Amino acid sequence: MHRNKRFAWTWAAAGVFAVAGLIGACDPEETSTPDAGTKVDAGTTTDAGTTTDAGTTTDAGTTTDAGTTTDAGTTTDAGTTTDAGTDAGTQAAFPLAVDGTWAASGYMGAGSQPGGIVDEAVCTTPRPGSALGNCHKITATRIGTGDAWAGIFWQYPEGNWPDKPEKGFLVPDGAKSVSFYAWGGTGGEVVDFFVGYGDKSKDGFEKKINVTLTKEPTLYTLDISRVRYTEVAAGFGWSAGGLDVAPLVLFLDDIQWH
């Protein structure tokens, strides 16, 4: 808080005693009264009055220039995150890779235990299909007396289970299917593949197929041509049992929406 200072000004009145002698003749030195009248000079307060110049606070008032924070305000340009946002928009064109859009983060069953699922980027040469997204070699193993089944959901955002408040990935209209290549380590592995949680609070739909794998890369398709979707939390997934008999080795590649 600023404090106000008071200034008391005291003027002392001095009595001036003048012996007034009337001199009939006009003495040139009497023009000294005009000198006293040089209050006009003292009146150069007009000069002091160059506060008008000091009033060039208008210049100081070039805070308007400093106010070119409007230029600094080109954070609007920095705000071209809208442009950056066009990246996400371009990624949403079909075909849409599941990897890189959804994350293989929803480990289930034995996968919820450390070491229960190992996901490695092991690819065949050449890769099957259009080789979109990542290639996966998944090994699922029962841990101790734990779950004899395992699975993974590809989620958006990572860890977005049905009980979470986050919305899914906004997929453009027009997708007809979710396709992928899959094969097993020995052949004969029975696996469920699916898309969507089926939970009304999330995706609101689920499509599933059950297949018996061979050792050869094979194209499989989940038909979503009649599905009405918007924000999809579970972009893909699989689950399989039988881990009480032997570990499961599963290969996946070219997982995509189109």
Side-chain angles (χ1 to χ4, degrees), residues 90-109 111 117 119-140 149-156 158 160 162 168-200 202-242 248-258:
T90 54
Q91 289 177 358
F94 295 123
L96 176 63
V98 167
D99 290 304
T101 305
W102 293 269
S105 54
Y107 284 20
M108 302 178 288
I117 288 180
D119 186 353
E120 304 173 274
V122 177
C123 305
T124 60
T125 304
R127 291 176 63 180
S130 57
L132 196 63
N134 302 335
C135 45
H136 302 265
K137 177 187 177 182
I138 298 168
T139 304
W149 70 279
I152 300 176
F153 269 115
W154 272 249
Q155 301 168 316
Y156 179 92
E158 182 176 335
N160 190 9
F169 184 81
L170 182 59
V171 183
D173 291 334
K176 302 300 183 183
S177 63
V178 178
S179 66
F180 56 95
Y181 282 84
W183 61 103
T186 58
E189 297 86 353
V190 179
V191 184
D192 287 331
F193 294 101
F194 37 80
V195 57
Y197 277 133
D199 191 292
K200 290 184 179 180
K202 286 293 185 182
D203 307 326
F205 75 94
E206 180 184 45
K207 285 292 182 178
K208 180 187 295 186
I209 58 173
N210 177 269
V211 302
T212 300
L213 301 176
T214 69
K215 293 181 64 176
E216 298 298 321
T218 304
L219 178 64
Y220 298 97
T221 300
L222 291 156
D223 181 8
I224 58 171
S225 60
R226 296 185 180 183
V227 168
R228 298 187 66 179
Y229 60 82
T230 54
E231 294 161 324
V232 181
F236 181 70
W238 66 268
S239 67
L248 168 74
V249 177
L250 166 67
F251 295 89
L252 291 168
D253 202 350
D254 195 33
I255 314 169
Q256 58 174 277
W257 281 58
H258 55 89

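Keep in mind it's a predicted model, so treat the numbers as computed, not measured.
No option in Phe180, Trp102, Phe94 other than Trp102 meets the ring-ring contact (aromatic ring centres under 6.0 Å, His included) test with Trp257.
No side-chain heavy atom of Pro128 sits under 4.5 Å from any side-chain heavy atom of Leu219. Between Tyr156 and Glu231 the shortest side-chain heavy-atom distance does not fall below 4.5 Å. A 4.5 Å side-chain heavy-atom check between Leu252 and Phe193 finds at least one atom pair inside the cut-off. Under the 4.5 Å side-chain criterion, counting only non-hydrogen atoms from C-beta, Pro217 is not in contact with Asp253. A heavy-atom distance below 4.5 Å is found between the side chains of Ile117 and Ile138.
Between Trp183 and Phe251, the ring-plane angle classifies as parallel under the 30° and 60° cut-offs. Between Tyr229 and Phe205, the ring-plane angle classifies as tilted under the 30° and 60° cut-offs.
Rounded to the nearest 0.5 Å, atoms CG (Leu213) and CD (Glu189) are 5.5 Å apart. Atoms SG and NE2, from Cys123 and His136 in turn, are 9.0 Å apart once rounded to the nearest 0.5 Å. Rounding to the nearest 0.5 Å places OG of Ser105 at 10.5 Å from CZ of Phe153. Atoms CH2 and CG, on Trp154 and Asp99 in that order, are 6.5 Å from each other to the nearest 0.5 Å.
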Under 3.5 Å, sequence neighbours excluded: what are the donor-acceptor pairs made by side chains of residues 169-178?
{"residue": "Ser177", "atom": "OG", "partner": "His258", "partner atom": "ND1", "Å": "3.4"}
{"residue": "Ser177", "atom": "OG", "partner": "His258", "partner atom": "NE2", "Å": "3.3"}

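Applying the side-chain hydrogen bond (donor to acceptor under 3.5 Å, both in side chains) criterion to Trp238, with sequence neighbours excluded, gives no partner residue. Not a single side-chain hydrogen bond (donor to acceptor under 3.5 Å, both in side chains) links Thr214 to another residue, sequence neighbours left out. Residues passing the side-chain hydrogen bond (donor to acceptor under 3.5 Å, both in side chains) test with Ser225 are Asp223, sequence neighbours excluded. Remark: Asp254 pairs with no residue by the salt bridge (Lys or Arg N to Asp or Glu O under 4.0 Å) rule, at least two apart or across chains. Under the side-chain hydrogen bond (donor to acceptor under 3.5 Å, both in side chains) criterion, Lys202 pairs with Asn160, sequence neighbours left out.
Shortest non-hydrogen contact noted between Lys215 and Gly187 is CG-N, 3.6 Å. The shortest heavy-atom contact between Lys207 and Leu222 is O-CD2, 3.7 Å. The shortest heavy-atom contact between Leu248 and Ala240 is CD2-CB, 3.7 Å. Looking at every heavy atom in both residues, Ser130 comes nearest to Gln256 through OG-NE2, 3.1 Å. Between Ala150 and Gly111, the shortest heavy-atom contact is CB-N, 4.2 Å. Heavy-atom minimum distance, Arg127 versus Cys135: NH2-N, 3.8 Å.
Judged by distance alone, with hydrogens and angles left aside, the side-chain atoms of Asp203 form a donor-acceptor pair with the main-chain N or O of Ala233 at under 3.5 Å. A donor-acceptor contact shorter than 3.5 Å is absent between the side chain of Glu158 and the backbone of Ala103.
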inquiry  = side chain to side chain contact (heavy atoms under 4.5 Å, CB included), that's the test. Do Asp119 and Tyr107 meet it? Break it down for me.
reply    = CA-CA 11 Å; Asp119 186 353; Tyr107 284 20; 3.8 Å; yes
